[in-house]
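Quick notes on the structure that follows.
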Amino acid sequence: MCQPQTGMRVVITGKGGVGKTTLTSCLATVLASAGTHVLAVDEDPQMNLPNALGVAYEDAAKIVPLNRHADYIEEKTGIRPGRNGWGALFKLNPDVEDVVSRLGLKVAENLSLLVMGTVKQAGGGCLCAENVLLDATIRHLALRMNEAILLDTQAGMEHFGRSLAKGFGQCVVVADSSFNALSVALHSASLARETGIELVHLAVNRVTTGDIRLERFERETGQKLRDLFDTVVQLPAEPLLQALDPHVVRIMADRQNGYAAAVTQLASLLSSPPCPCAAGHHQHHHHHAH
Ligand SMILES: Nc1ncnc2c1ncn2[C@@H]1O[C@H](COP(=O)(O)OP(=O)(O)OP(=O)(O)O)[C@@H](O)[C@H]1O
């Protein structure tokens with residue numbers, strides 16, 4: 001058994017507007033209602049995840065994202081954000097053991113939320129207090145036990161660098177079946193693998209019956225999606241999602257719903273992923289062979 005007993009940790013990524021936040025909140029809901037402790041982590045500066053999870057607007061408005069929490073950042077790193085760190089005592093390895101208990105928000109039974117904010121991209125990794133703290137937080141998340149962690153990422157996982165892959169073993173790339181979104185998904189998949197994430201799944205969202213675009217993409221690019229991703233799941237277009245938007249989690253209570261059923265299937269796949277050491281594993285993992 002090669003699967004770590006620490007709990008599942010999944011990064012959700014993909015092009016803007018493809019349905020990442022909706023999927024993250026529905027996955028979080030289905031896992032939490034099955035009794036798993038879930039921590040949903042939002043990297044979105046617009047904080048869509050609290051809304052999707054049903055956090056009341058006035059409560060969501062009170063959330064201060066980790067990267068803008070000047071007091072916490074100063075307490076942990078010794079530096080006030082925005083100040084020049086040179087000459088000051090700058091803790092490069094701050095202890096953020098209490099980040100979830102202090103900044104997390106309980107949104108439902110078994111379900112907590114941490115809003116991190118976005119990693120700054122200046123110069124491919126600037127050593128400012130915010131980035132040091134976000135990086136320490138990612139490393140801390142990797143150590144949390146018996147908890148499913150879902151990270152809804154906006155900037156893309158490569159901005160977190162290697163610290164992400166140490167704890168996050170799986171990535172769900174979300175796309176719709178447009179050529180553009182699938183191309184972005186292929187790029188995201190290779191970045192995820194370069195980062196060192198073991199299992200990279202594709203969720204094709206808003207699929208309608210008779211949609212031939214997936215096949216057309218494969219034909220035109222000469223690539224087989226099933227060879228490039230560990231698993232490919234399709235999530236049907238669901239008009240109800242727009243009606244419930246932004247409070248989408250209610251849809252998960254309806255077992256007849258096709259979107260809910262597909263998300264439930266994805267959740268169980270993520271909970272018990274195929275073992276990366278198993279024989280017959282995808283060829284793109286061979287360079288990881290020990
Ligand atoms: N399967 C689906 N069927 C119909 N509508 C959907 C589906 N999935 C998501 N949507 C709708 O698409 C819109 C965008 O979804 P969502 O906010 O989850 O995307 P996102 O990728 O997180 O966007 P952003 O990158 O802007 O954060 C929402 O209005 C949502 O209700």
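Every number for a ligand or one of its atoms is a count from 1 in the order of the listing.
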Give yes if a backbone or side-chain nitrogen or oxygen of [X] is under 3.5 Å from a nitrogen or oxygen of ligand 1, and no if not.
{"X": "Gly17", "value": "yes"}
{"X": "Leu235", "value": "no"}
{"X": "Asn205", "value": "yes"}

I need the nearest protein heavy-atom contact for [atom]: residue, atom name and distance, please.
{"atom": "atom 28 (C) of ligand 1", "answer": "Asp245 OD1, 4.0 Å"}
{"atom": "atom 12 (O) of ligand 1", "answer": "Arg206 NH2, 2.4 Å"}
{"atom": "atom 19 (O) of ligand 1", "answer": "Gly19 N, 3.0 Å"}

Revision key, fill the gap. Within the 4.0 Å heavy-atom cut-off, what Pro239 brings close to ligand 1 is neither
Review point. Just heavy atoms, cut-off under 4.0 Å: does Thr21 contact ligand 1 by side chain, backbone, both, or neither?
Key: both
Atoms of ligand 1, numbered as shown, that sit under 4.0 Å from any heavy atom of [X]:
{"X": "Gly16", "answer": "25 (O)"}
{"X": "Gln242", "answer": "4 (C), 5 (N)"}
{"X": "Tyr259", "answer": "1 (N)"}
{"X": "Ala237", "answer": "1 (N), 3 (N)"}

Check your understanding: Minimum heavy-atom separation for Leu228 to Leu186, with atom names?
Key -> CD1-CD2, 3.5 Å
**Study point:** Contacts of His69 that satisfy side-chain contact (heavy atoms from CB on, under 4.5 Å) - sequence neighbours left out
**Key:** Val64, Asp71, Tyr72, Leu103
Practice item. Would you kindly say whether His140 and Glu97 are connected by a side-chain donor-acceptor distance under 3.5 Å? Key: no
Point to revise | Side-chain H-bond candidate by donor/acceptor type, Asp176 with Ser178, under 3.5 Å | key: yes
Check your understanding: Mind checking whether Asn48 has a heavy atom under 4.0 Å from ligand 1?
Key -> yes
Revision key, fill the gap. Closest to atom 4 (C) of ligand 1 (heavy atoms only, candidates Glu43, Glu238, Lys20) is Glu238
Review point. Partners of Asn51 by side-chain hydrogen bond (donor to acceptor under 3.5 Å, both in side chains), sequence neighbours excluded?
Key: none
